[in-house]
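One-based numbering along the sequence shown.
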Amino acid sequence: MIVPMQKIYLAARQTDRDRTLDALRRVGIVHLVPVDPALAVPDEATTRQVNAIRTALQVLSGVEPRGAKPDFAPGEAAREVLDIQRRTAEGRNHLASLYNPLVQIAIWDDLKLESVEELRQAGIDVRFYAVPADVARELQAECVAEVAETPDRKLMMAVADRSGEICVPDDAEPIPLPSRDAATIRSEAKDTDEALHRDIERLHTFAHLTSEMEAEELRLEQQVEETVVVRGAVADGDLFAVQGWLPEQNYDPLEEQLSRRFGRWLLRGCHIDSVCWDRATASLSYASCCTTAATDQRPGTSERGCPLRGPAARTPKPGYHRSMHTALARLRASRRRARPPG
């Protein structure tokens with residue numbers, strides 16, 4: 001349901017900044033908007049943490065909790081989940097990359113390269129040739145054996161000889177040994193697959209921590225929002241001021257919450273004369289003013305009028321709302337007048 005909105009301006013002492021923001025957060029009815037949008041940027045480190053937890057929760061969506069619940073803080077759990085996701089993707093890609101080499105050396109069957117190397121170390125020359133079937137008998141050596149048939153319908157022949165007098169027909173083509181044998185590739189694939197299964201099982205254990213990670217995501221998101229508000233607020237050494245929108249009927253609950261927390265009182269209304277303002281702010285912990293939104297305004301837009309009237313102490317900075325600047329100027333001036341001599 002669409003409800004009338006009011007724009008609120010709230011000024012407090014700089015020392016009460018965190019208490020003020022905490023009160024607004026507890027009320028939960030104020031949509032704060034930056035006074036200076038150029039400065040309203042989130043903290044990069046916290047934003048990275050939020051993104052990491054959010055991505056980890058996406059990875060864990062649909063993963064059934066299984067096994068023992070790991071003893072990890074939410075941020076550490078998110079990093080571990082992302083590491084598992086990265087390793088899993090790399091492992092699956094690696095398994096896929098092993099398939100083609102295994103197909104390409106299928107002709108070598110279960111030949112082990114270490115066995116060939118042992119024969120050569122013993123002084124036995126081992127070679128392989130692709131030979132047309134009609135000249136296969138011309139291949140002469142101490143030991144000649146047909147191993148397989150090549151894709152182009154030739155015979156793959158293995159030759160072992162210690163005399164060095166191998167007779168090779170002109171139509172024979174040498175076949176180089178593969179850089180890796182099938183047994184090595186299969187062993188590597190087996191190790192990779194086992195590591196994948198271990199990581200997947202570990203991922204199921206981290207599914208126990210989704211509720212903790214969701215709570216941490218919410219906390220960090222609030223921290224990011226507060227950082228944006230703080231950086232986009234009007235502030236100096238003494239005062240801190242924010243602006244925002246809230247439903248019209250929620251102003252009284254907000255006033256009650258702030259009054260209860262700070263023990264003073266609020267100034268409200270669209271027009272406050274300088275005498276009233278100065279008298280009020282001489283010992284005021286905080287002050288606020290609200291104004292009904294114009295018909296052509298929406299929450300988050302800037303206010304046309306100046307609800308807190310009076311001359312500004314200095315020219316507003318680009319992006320600052322004049323009313324906010326006027327309010328702060330009056331608060332500063334009244335506090336200076338209220339300070340005891342010396």
Tyr129 meets the ring-ring contact (aromatic ring centres under 6.0 Å, His included) criterion, sequence neighbours left out, with none
All heavy atoms of Ala52 vs all of Ala78, minimum pair found to be O-CB, 4.1 Å
Do Val135 and Val168 sit in the same hydrophobic cluster, where Ile, Leu, Val, Met, Phe, Trp and Tyr count as joined when their side-chain heavy atoms come under 4.5 Å apart?
yes
Minimal heavy-atom distance between Glu216 and Pro74, with the atoms involved, is CB-CB, 3.6 Å
Could Glu118 and Lys112 be called an ion pair, given the rule that one side-chain N must be under 4.0 Å from one carboxylate O?
no
Salt bridge flag under 4.0 Å for residues Arg198 and Asp193:
no
Run the salt-bridge test on Arg54 and Glu217 with the 4.0 Å N-O cut-off and return the result as yes or no.
yes
Quick check: does any side chain N or O of Asp199 sit under 3.5 Å from a backbone N or O of Ile84, one acting as donor and the other as acceptor?
no
Could you check whether any side-chain N or O of His197 sits under 3.5 Å from a backbone N or O of Thr192, counting only pairs where one atom can act as donor and the other as acceptor?
no
What's the shortest heavy-atom distance between Pro169 and Cys167, and which atoms?
CD-O, 4.0 Å
Working to the nearest 0.5 Å, report the span between CG of Leu95 and CD of Glu188.
9.0 Å
Decide whether Ile175 and Leu102 are clustered together by the hydrophobic rule: side chain heavy atoms of Ile, Leu, Val, Met, Phe, Trp, Tyr closer than 4.5 Å, transitively.
yes
Whether Arg87 and Glu90 form a salt bridge (side-chain N of Lys/Arg under 4.0 Å from carboxylate O of Asp/Glu) is what I want to check.
no
Quick one: pull up CZ in Arg186 and CZ in Arg180 and give me the separation to the nearest 0.5 Å.
12.0 Å
In sequence, state the C-alpha distance, the side-chain angles, and the governing distance for Ile166 and Asp125, and then conclude on side-chain contact (heavy atoms from CB on, under 4.5 Å).
CA-CA 9 Å; Ile166 299 176; Asp125 187 10; 3.9 Å; yes
Take atom NE2 in His204; do more than 12 heavy atoms of anything else shown fall under 6.0 Å from it?
yes
Rounded to the nearest 0.5 Å, how far apart are CZ of Phe128 and OG1 of Thr150?
14.0 Å
Compare all side-chain heavy atoms of Arg92 with those of Leu196 and state whether any distance is below 4.5 angstrom.
yes
Under 4.5 Å between side-chain heavy atoms, hopping through other hydrophobics if needed: is there a path connecting Met213 to Leu203?
yes
What residues, two or more places apart in sequence or in another chain, satisfy salt bridge (Lys or Arg N to Asp or Glu O under 4.0 Å) together with Arg66?
Glu201
Could you check whether any side-chain heavy atom of Val126 comes within less than 4.5 Å of a side-chain heavy atom of Ile124, counting everything from C-beta outward?
yes
Give the cluster check for Leu113 versus Leu98: same hydrophobic cluster or not, with ILVMFWY residues linked at side-chain heavy-atom distances below 4.5 Å.
yes
Test log, rule side-chain contact (heavy atoms from CB on, under 4.5 Å), inputs Leu177 and Trp108:
CA-CA 9 Å; Leu177 288 170; Trp108 294 96; 3.8 Å; yes
Can you name the nearest heavy-atom pair linking Ala172 to Pro174, along with the distance?
O-CD, 4.0 Å
Can you find a heavy atom in the side chain of Cys143 that is under 4.5 Å from one in the side chain of Val159?
no
Ile107 versus Met156: any side-chain heavy-atom pair under 4.5 Å?
yes
Dump the intermediate steps for side-chain contact (heavy atoms from CB on, under 4.5 Å) on Lys69 and Thr205, then the final yes or no.
CA-CA 6 Å; Lys69 182 177 180 179; Thr205 67; over 6 Å; no
Inter-residue atom distance Leu209.CG - Leu60.CG, 0.5 Å rounding
8.5 Å
Taking Ser187 for the side chain and Ala183 for the main chain, is one N or O donor matched with an acceptor at less than 3.5 Å?
no
Determine whether Glu80 and Arg202 make a side-chain contact, defined as any pair of heavy atoms from C-beta on separated by less than 4.5 Å.
yes
To the nearest 0.5 angstrom, please state how far the OG atom of Ser163 sits from the CD atom of Glu142.
4.5 Å
Tell me, yes or no, whether the heavy-atom count around Arg86 atom CZ, taken from other residues, nucleotides or ligands under 6.0 Å, exceeds 12.
yes
Determine yes or no for a side-chain-to-main-chain donor-acceptor pair under 3.5 angstrom, with Glu165 supplying the side chain and Arg162 the backbone.
no
Report yes if the side chains of Met157 and Val147 come closer than 4.5 Å at any heavy-atom pair, otherwise no.
no
Just checking Asn93: does its CG atom have more than 12 heavy atoms from other residues, nucleotides or ligands closer to it than 6.0 angstrom?
yes
How many angstroms lie between atom CG of Leu111 and atom CD1 of Ile105, to the nearest 0.5 angstrom?
9.0 Å
Measure from the side-chain N and O atoms of Ser97 to the backbone N and O of His94, and report whether any donor-acceptor pair falls under 3.5 Å.
yes
Could you check if a side-chain atom of Arg153 sits within less than 4.5 angstrom of a side-chain atom of Glu149, using non-hydrogen atoms only?
yes
Thr47 and Glu44, any side-chain heavy atoms less than 4.5 Å apart
no
Are Val50 and Phe72 in one and the same hydrophobic cluster, where Ile, Leu, Val, Met, Phe, Trp and Tyr link if side-chain heavy atoms are under 4.5 Å apart?
yes
